[in-house]
J.: 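Below you'll find the structure I mean.
Numbers for residues simply follow the sequence, beginning at 1.
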Amino acid sequence: MLTKSFQLNPETWGLMLDDNGNIAITSNPYAVAQDVACACSTFLGECWYDTKLGIPYYERILGHWPGTQLINTKMQTEALKLPYVQSAFCTTVIGKGDRAASGVMTITDTNNVQSTIQF
């Protein structure tokens with residue numbers, strides 16, 4: 001399955017232009033990884049047309065002590081909602097002093113291509 005998506009600037013998350021001045025398009029495996037990153041950045045209820053999409057950041061994560069298992073499960077579940085993602089495995093680490101979370105997600109698309117996303 002070929003997946004295409006608008007190519008976003010990894011620093012600003014805004015649209016990019018190609019060499020001809022058109023909106024840049026990307027395809028597998030970068031498009032799949034980018035789409036998963038977007039899905040996991042979405043707050044629950046943020047999508048107007050499907051309020052069931054997104055991570056419950058306000059309800060369960062930000063300002064709470066959710067533990068890494070909840071974060072991993074929610075991120076993996078959100079990634080698997082995309083029809084071209086076959087599997088997702090997330091590992092989150094929470095810093096003790098600064099309470100900042102970071103981690104990595106390994107996804108496999110329906111073409112059996114693995115990609116890694118760091119957050």
J.: Can you list the residues that meet the side chain to side chain contact (heavy atoms under 4.5 Å, CB included) rule with Phe43, with sequence neighbours excluded?
T.: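 Scan of Phe43 (side chain to side chain contact (heavy atoms under 4.5 Å, CB included), adjacent residues dropped) gives Glu46, Tyr57, Tyr58, Leu62.
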
J.: Which residues satisfy the salt bridge (Lys or Arg N to Asp or Glu O under 4.0 Å) test with Lys52, sequence neighbours excluded?
T.: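 Per chain and number, Lys52 pairs via salt bridge (Lys or Arg N to Asp or Glu O under 4.0 Å) with Asp50.
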
J.: Tell me, with the steps shown, if Ile117 and Ser115 meet side-chain contact (heavy atoms from CB on, under 4.5 Å).
T.: CA-CA 7 Å; Ile117 304 166; Ser115 300; 5.5 Å; no

J.: Have a look at Asn72 and tell me which of Gln76, Gln69, Lys74, Met75 forms a side-chain contact (heavy atoms from CB on, under 4.5 Å) with it.
T.: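 Looking at Gln76, Gln69, Lys74, Met75, the match for Asn72 under the side-chain contact (heavy atoms from CB on, under 4.5 Å) is Gln76.
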
J.: Would you say Thr42's side chain and Cys38's backbone share a donor-acceptor pair under 3.5 angstrom?
T.: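 Yes.
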
J.: Taking side chain to side chain contact (heavy atoms under 4.5 Å, CB included) as the definition, give me every residue that meets it alongside Tyr30, ordered by chain and number, with sequence neighbours left out.
T.: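 Result, side chain to side chain contact (heavy atoms under 4.5 Å, CB included) vs Tyr30: Gln7, Pro10, Thr26, Gln34.
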
J.: Quick one: pull up CZ in Arg60 and CD1 in Ile71 and give me the separation to the nearest 0.5 Å.
T.: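 Between atom CZ of Arg60 and atom CD1 of Ile71 there are 11.0 Å.
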
J.: Please tabulate, for the side chains in residues 16-25, all donor-acceptor contacts under 3.5 angstrom to protein atoms that are two or more places apart in sequence or on a different chain.
T.:
unit_1 : atom_1 : unit_2 : atom_2 : d
Asp18  : OD1    : Asn20  : N      : 2.9
Asp18  : OD1    : Gly21  : N      : 3.1
Asp18  : OD1    : Asn22  : N      : 2.9

J.: I need the minimum non-hydrogen distance between Cys40 and Ile55, along with the two atoms involved.
T.: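 Minimum heavy-atom separation between Cys40 and Ile55: O-CG1, 3.6 Å.
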
J.: Check for a donor-acceptor pair, side chain of Glu78 on one end and backbone N or O of Gly54 on the other, with a separation under 3.5 Å.
T.: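 Here the side-chain-to-backbone pair exists.
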
J.: Which heavy atom of Ile94 sits nearest to which heavy atom of Gly67, and what is that distance?
T.: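 Ile94 and Gly67 have their closest heavy atoms at CD1-C, 4.4 Å.
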
J.: How far apart are the closest heavy atoms of Phe119 and Thr91, and which atoms are they?
T.: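 The answer is CZ-O, 4.2 Å.
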
J.: Can any side-chain N or O of Asn28 pair as donor or acceptor with the backbone N or O of Thr3 at less than 3.5 Å?
T.: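 Here the side-chain-to-backbone pair exists.
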
J.: Side chains of residues 100-113: which donor-acceptor pairs under 3.5 Å do they make with residues two or more places apart or in other chains?
T.:
unit_1 : atom_1 : unit_2 : atom_2 : d
Thr108 : OG1    : Ser87  : OG     : 3.3
Asp109 : OD1    : Asn111 : N      : 2.8
Asp109 : OD1    : Asn112 : N      : 3.2
Asp109 : OD1    : Val113 : N      : 3.0
Asn111 : OD1    : Met1   : N      : 2.7
Asn111 : ND2    : Met1   : O      : 2.8
Asn112 : OD1    : Gln86  : NE2    : 3.4

J.: Which residues pass the ring pair (Phe, Tyr, Trp, His ring centres under 6.0 Å) test with Tyr84, not counting sequence neighbours?
T.: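 Per chain and number, Tyr84 pairs via ring pair (Phe, Tyr, Trp, His ring centres under 6.0 Å) with no residue.
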
